[in-house]
Each structure stands twice: as C-alpha cells, then as structure tokens.
Amino acid sequence: VQLQASGGGLVQAGGSLRLSCAASGPTFSGWQMDWFRQAPGKDREFVSKIFWTSGKTYYADSMKGRFTISLDKEKNVMYLLMNSLEPEDTAVYYCAAARSTSALLREMDYWGKGTLVTVSS
C-alpha cells in the first residue's frame, strides 16, 4: 500500500485548499482513511477520517464545519477540502490508512509523506 499526499501550499487566512491523497494497493474495502496534521513543535493530531465502505465521516472539533473529507473510489483518492483557513491550521498534513474502522493515530497501518500547508495572517 502506498499513499501520496499533495495539494499543500501557501494561502491567506480565510482562504481554501484541497488536499489529495492518492492510494495504491489492494482493495480498501473495510478500511478507514484518515488525515492527521503536525504543527511545528506540536504533536501529530487527528483531523478527520472516512470509512471506505460506508463513507461515514468524523472530524476533530476544531475542523467541524470548515473541513470536508471525501473519497473518489474510482480513482482511489481521498480529499480534504479546507475552508476558512486560519494561521493555526499551519501544519504538515499526512494521510494514513488502517485495515480497521477503529484505529487511532498509533494504530494506523500506512502513512503517506506529508504536504505542508501554510496559512498567512
């Protein structure tokens, strides 16, 4: 399994970005796909997850209403649309996958390399 995140960049506060995570490997049926982020000097934190089969989604409280996670199952791509970005959203964003629907950060099976999002004030 390989995951490749892309779409990061520099954006002004209030702006939007869409991150992509291209997934390659066997079927992801029954898997969960997550986005995490790590700001400078801080621990990696959960952003959002989506269940491949059901499409059910979860968000960290600070992202609810601003971020939207989605899947394109035909292309095996996961997206994270980020609106109303704030300087506090500046971080390296990582996509990850797990063969379950209850995995937490340390239980993720595969990680992609991160993509840097910088939000200027």
>> When you compare the side chain of Leu81 with that of Phe67, does any pair of heavy atoms fall below 4.5 Å?
In response: no
> Say you draw a straight line from CD1 of Ile69 to CE of Met82; how long is it, rounded to the nearest 0.5 Å?
Replying inline: 11.5 Å
> Can you name the closest pair of heavy atoms from Val77 and Ser20 and give their distance?
Replying inline: CG1-CB, 4.2 Å
>> Under the criterion side-chain contact (heavy atoms from CB on, under 4.5 Å), I'd like the reasoning laid out for Gln12 against Val119: C-alpha separation, chi angles, the key distance, then a yes or no.
In response: CA-CA 5 Å; Gln12 288 188 330; Val119 184; over 6 Å; no
> Do side-chain atoms of Glu86 reach the backbone of Ala13 as a donor and acceptor pair under 3.5 angstrom?
Replying inline: no
> Hey, mind stepping through Leu71 and Tyr79 against side-chain contact (heavy atoms from CB on, under 4.5 Å) and telling me if it holds?
Replying inline: CA-CA 6 Å; Leu71 289 173; Tyr79 299 101; over 6 Å; no
> Think Lys64 forms a cation-pi with Tyr59, using NZ or CZ under 6.0 Å from the six-ring centre and within 45 degrees of its axis?
Replying inline: no
> Is it true that atom NZ of Lys56 has more than 12 heavy atoms of other residues, nucleotides or ligands lying nearer than 6.0 Å?
Replying inline: no
> Is any side-chain heavy atom of Met33 closer than 4.5 Å to a side-chain heavy atom of Phe51?
Replying inline: no
>> Return the OG1 to CG distance between Thr118 and Asp89, rounded to the nearest 0.5 Å.
In response: 11.0 Å
> At their closest point, which heavy atom of Ala5 faces which heavy atom of Lys113, and how far apart are they?
Replying inline: CB-O, 3.4 Å
>> Side-chain heavy atoms nearer than 4.5 Å, only ILVMFWY residues, links allowed to pass through others: does that put Val11 and Met63 together?
In response: yes
> Is any side-chain heavy atom of Thr57 closer than 4.5 Å to a side-chain heavy atom of Lys49?
Replying inline: no
>> Against the six-membered ring of Tyr94, is Arg37 placed for a cation-pi contact (under 6.0 Å from the centre, within 45° of the normal)?
In response: no
> Closest approach of Gly8 and Leu19, non-hydrogen atoms and distance?
Replying inline: N-CD2, 3.6 Å
>> A side-chain contact here means heavy atoms from C-beta on lying under 4.5 Å apart; do Met78 and Cys95 qualify?
In response: yes
> Is there side-chain contact between Tyr110 and Trp31, with at least one heavy-atom pair below 4.5 Å?
Replying inline: yes
> When you measure from the side chain of Thr53 to the backbone N and O of Gly30, does any donor-acceptor pair fall under 3.5 Å?
Replying inline: yes
> Taking C-beta and beyond as the side chain, do Leu17 and Tyr93 meet within less than 4.5 Å on heavy atoms?
Replying inline: no
> Between Trp111 and Phe36, does the ring centre distance come in under 6.0 Å?
Replying inline: yes
>> Side chains of Ile50 and Gln32, heavy atoms from C-beta outward: is any pair under 4.5 Å?
In response: no
> For the residue pair Ser120 and Leu10, what are the closest heavy atoms and their distance?
Replying inline: CB-CD1, 4.3 Å
> Which heavy atom of Leu3 sits nearest a heavy atom of Ala23, and at what distance?
Replying inline: CD2-CB, 3.6 Å
> How long is the span from the CD atom in Glu107 to the OG atom in Ser100, to the nearest 0.5 Å?
Replying inline: 7.0 Å
> Roughly how far, to the nearest 0.5 Å, is OG of Ser16 from CZ of Arg66?
Replying inline: 10.0 Å
>> Do Leu80 and Val47 make a side-chain contact, defined as non-hydrogen atoms from C-beta onward lying under 4.5 Å apart?
In response: yes
